[in-house]
Amino acid sequence: MSGITVFQAAKIITMDPNRPTATHVAVRDGHVLAVGDATCADQWGRVHHDDRLAGTVLMPGFVEGHSHMSETCFWDYTYVGFHDRIDPDGQPWPGLTEIGAVLARLRDAAARLGPDEPLIAWGFDPIFLSSERLTRDHLDSVTADRPVVVLFSSGHLMCVNSAALAAVGYDRASNVEGIQRRPDGEPNGELHEMAAMFPVMRRIGMDFRTRSHQRAYVDAFGRICRRSGVTTATDLFAMVTQEGAEALAQATARPDYPVRIVPAVSTLHSTPEEVRAQMADLRQLNHDKLRFGAVKLMTDGSIQGFSARILWPGYVGGQPNGIWNMPPAQIHATCAMMQQAGIQMHIHTNGDEASTVVLDALAAAARAHPWPGARHVLQHAQMMGPALFARAAELGVCVNLFANHIWYFGDQHAALTIGPDRAARMDACRAALDAGLTMAIHSDAPVTPMGPLFTAWCAVNRQTMSGRTLGAAQCISVPEALYAITMGAARTLKLEAEIGSIEAGKRADFAVLAEDPLAIDPMRLKDLPVLGTVIGGHVDALI
Amino acid sequence: MSLPRLPLTVIGGYLGAGKTTLINRLLREDHGQRVLVMVNDFGAINIDADLLVSADGDTMTLTNGCVCCTMGADLFMAMGDALDRRPRPDHLVIEASGIADPARIATAARAEPDMAYGGIAVVVDAMHWGALADDPQIGAQIRGQVAVADLLLISKAEDGVPPALTARLAALSAAPQIDIGDCAAVAPLLLGGLAPLQGKREGGGHPAYVGWSHDGDEAMSRAALAAKLAQAPQALYRIKGLVAAPDSAGWEVQVVGRSIEIKPALDRVARTRLVAIGPQSAIARADIADWWSQG
């Protein structure tokens, strides 16, 4: 029997209603043995008192229910986004609010490259810049002797310099949709959509397919999680090969790996037997820190990209309705198949039409193949209101709402996409909880930075970038938001028996905080310092 | 010699339209080309065991040199893999998923210097297309597939293509409409090769295509060539080949339906060589020859 360690803290917020707060937690074999005061584990035998966490506030390790491990691949490149961001090693990268600053950072990066290395940057978001448009001429002024590629944050656009255009032979004669042009017909450097971007990416070695599951990237993802207090994170829509899955299993198996990974894989199989066999193979690789078992479905696009499928009255600018990634007939067929196979689904639905179709499909699947514990999750579900939430509740379906959108995109949703009426009820946390749903809230990292306390701040305050409060009626309380980033998210992953609260029997996964989130001004929630994490009783170096 | 460009043909069309049937036909036909076919659902590909060299998790290799595989995690990166194969395949065929916009894929062949645009063939189910095109949820995407097609391949028209369907498709697209039930071979449509036209016929008595080939010493500027191709007889499905130029290496030409693609040739073109096909019901070899020879 291994020893008992009793950690002392200034306060422990347990998320266990039987003992909401405590000052000490006893850990044995990676699990919580007891919670209470200094004597809480005395009846279990000799204890070792550990005061490294004294003075901190402990919470259950946060659970990020919708993130992507691919974030770490981007940090191989230079960040040039509008918002401040922190890299996996903790270095802050201040947001760049005008083109001159973007070019200065690019020059700085160019100076540090080897002779034949292309210069690649990511996260550029001209929507927030009021200055002139970025062109090949700007990038030529950075360096002309190697390709320069600036990826936009949407993932659908890039801007490249003349050397990159020459490498792929794009010129005034090129008959390619997606090559943007100057008035004189020459390409201006901006390339739209993958078909036009892919020849450039191919020549500069940007292939993310297997990279994010390699050791160095898995480790970097762990550092991002630790810094934001996350001890369980999803890799949603993980495109896995058997080889990639094995690499991920190895990289996460070390005792000090700081986060439990829950991939939801994409599957191309079309019969319940095939999917079951694929998942059974993947589950063989599972261990304490890795949980294959669920799948991800993509149904529509994004609201800010006008590709989400939304109900009447549509987009305010009169844009055509969005696009289905899966046609409704296939959504029905796949939901039925997964339900029959007994596989939990995380289903991406942004628009309310997509959410409606998915709930129809889940209702039909539930009739055909009853499975009371299915607990499928609608991911994003940004336009669901009380009526759809009620249907989800009837079906035992959970939601994971994209609270970060309120701050990052809320102003645009009111002004440009769906208008103020519907923007005010987006990511409707209050309505979801009032319907009795299991609810999580998320970052969708790398779309927005991982940070559950920031996500909780969004759900509590519903502030946009311009400072307006977007739909005050949908604000939730701080305790509700803290529940959503711990127990709520754990329930969406079917892991609530193991994680999500600090109570006897659960894994000793903690977020180590500098202050008590229940005692501070709720507007300061996003600024509350995270000092590190504890995973399975292992204290990770305090940051 | 540079590696030849890899032509890409994209097959679009809704679920159940007949894309897989078409691909199964293509893989079995005797077209003499090493075709790499990327599909969504491997399970539906049905190749007799005696035509298979090997089959593992996600790749089937056929005795005729063709390979069929799944596209895996990223379609575009899979295209890169296809380009990196040695020997490079003669032709790449990609099956777009049922709701996908095939142009989003096919545009890559115009953009990528190592690829050639081989066109978008959209399979239209004669029995169900009309209802799908009117569906309030997916109608726009279904109609969009037809609008970007270079060839419309009508399936399941056992009793002939209904005139109302022909008219509706024509309103959306100028692409030739072809009843694939009537076609002796699908490879000439999808690959543009002429091999099956040399007297070899499978199945029931539909001569279907007329072929034309040309070997001459004319040299043309890009503008002159573009103007010439723009005047090609409407009924031609495909034209492809190499054209010599007065002051450059020459041109590589791919015409599919109404799409005209001219790229600089990778190696110097000594003689102009072109092939073309069209439906026998609509065009004669002499019409094609007249078009090319007229000043």
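Computed from a predicted structure; not experimentally measured. Chain letters run A, B, ... following the sequence lines, proteins first and then strands; every chain starts at 1.
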*Asks:* Step through the shown structure and confirm whether more than 12 heavy atoms of other residues, nucleotides or ligands are within 6.0 Å of CD on A:Glu177.
*Replies:*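 12 or below, so no.
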
*Asks:* I need the residue from A:Arg309, A:Glu193, A:Met197, A:Glu274 with the largest number of non-hydrogen atom pairs under 4.5 Å to chain B.
*Replies:*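 Option with the top pair count is A:Arg309.
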
*Asks:* Donor-acceptor pair, distance only, cut-off 3.5 Å: does the side chain of A:Trp324 make one with the backbone of B:Ala100?
*Replies:*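 Pair absent, no side-chain N/O of A:Trp324 close to backbone of B:Ala100.
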
*Asks:* Please classify the contact between B:Tyr117 and chain A as side chain, backbone, both or neither, with a heavy-atom cut-off of under 4.5 Å.
*Replies:*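 Neither part.
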
*Asks:* For A:Gln242, is it the side chain, the backbone, both, or neither that has a heavy atom closer than 4.5 Å to a heavy atom of chain B?
*Replies:*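 The answer is neither part of A:Gln242.
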
*Asks:* Would B:Asp84 and A:Arg202 satisfy salt bridge (Lys or Arg N to Asp or Glu O under 4.0 Å), going step by step from the backbone distance to the final call?
*Replies:* CA-CA 11 Å; B:Asp84 294 338; A:Arg202 177 171 173 246; 3.2 Å; yes

*Asks:* Nearest heavy-atom pair of B:Phe76 and A:Phe198: which atoms, and what distance?
*Replies:*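 That would be O-CE1, 3.0 Å.
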
*Asks:* Taking all non-hydrogen atoms of both residues, which atom of A:Ala195 and which atom of B:Ala111 are closest, and how far apart?
*Replies:*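 Answer, listing the atom of A:Ala195 first, then B:Ala111: O-CB, 3.5 Å.
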
*Asks:* Can you tell me which portion of B:Gln141 sits under 4.5 Å from chain A's heavy atoms? Options are side chain, backbone, both or neither.
*Replies:*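 Just the side chain, heavy atoms under 4.5 Å.
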
*Asks:* At a heavy-atom separation under 4.5 Å, does A:Met201 approach chain B through its side chain, its backbone, both, or neither?
*Replies:*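 The side chain, not the backbone.
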
*Asks:* Check whether A:Val357 gets within reach of chain B through its side chain, its backbone, both or neither, counting any heavy atom under 4.5 Å.
*Replies:*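 Just the side chain, heavy atoms under 4.5 Å.
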
*Asks:* Roughly how far, to the nearest 0.5 Å, is the CE atom of B:Met77 from the CE atom of A:Met206?
*Replies:*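 Output value for this atom pair is 7.5 Å.
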
*Asks:* Quick one: which of B:Asp81, B:Asp101, B:Leu75 has the most heavy-atom pairs under 4.5 Å with chain A, could you say?
*Replies:*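 Going by pairs under 4.5 Å, I would pick B:Asp81.
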
*Asks:* Step by step, would you call A:Arg203 with B:Glu112 a salt bridge (Lys or Arg N to Asp or Glu O under 4.0 Å)?
*Replies:* CA-CA 10 Å; A:Arg203 279 164 184 76; B:Glu112 170 55 55; 2.6 Å; yes

*Asks:* Side chain, backbone, both or neither: which part of B:Ile262 has a heavy atom under 4.5 Å from chain A?
*Replies:*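 Contact with chain A involves no heavy atom of B:Ile262 at all.
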
*Asks:* Report yes if some heavy atom in the side chain of A:Val176 is under 4.5 Å from a heavy atom in the side chain of B:Thr107; otherwise report no.
*Replies:*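 A side-chain contact exists here, since the closest heavy-atom pair is under 4.5 Å.
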
*Asks:* Answer whether the closest heavy-atom distance between the side chains of A:Met326 and B:Ile99 falls below 4.5 Å.
*Replies:*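 Side-chain contact under 4.5 Å: no.
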
*Asks:* Between CD1 of B:Ile260 and CG of A:Asn175, what distance do you get to the nearest 0.5 Å?
*Replies:*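 Between B:Ile260 CD1 and A:Asn175 CG, I get 9.5 Å after rounding to 0.5 Å.
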
*Asks:* Can you tell me which portion of A:Asn325 sits under 4.5 Å from chain B's heavy atoms? Options are side chain, backbone, both or neither.
*Replies:*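 The backbone, not the side chain.
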
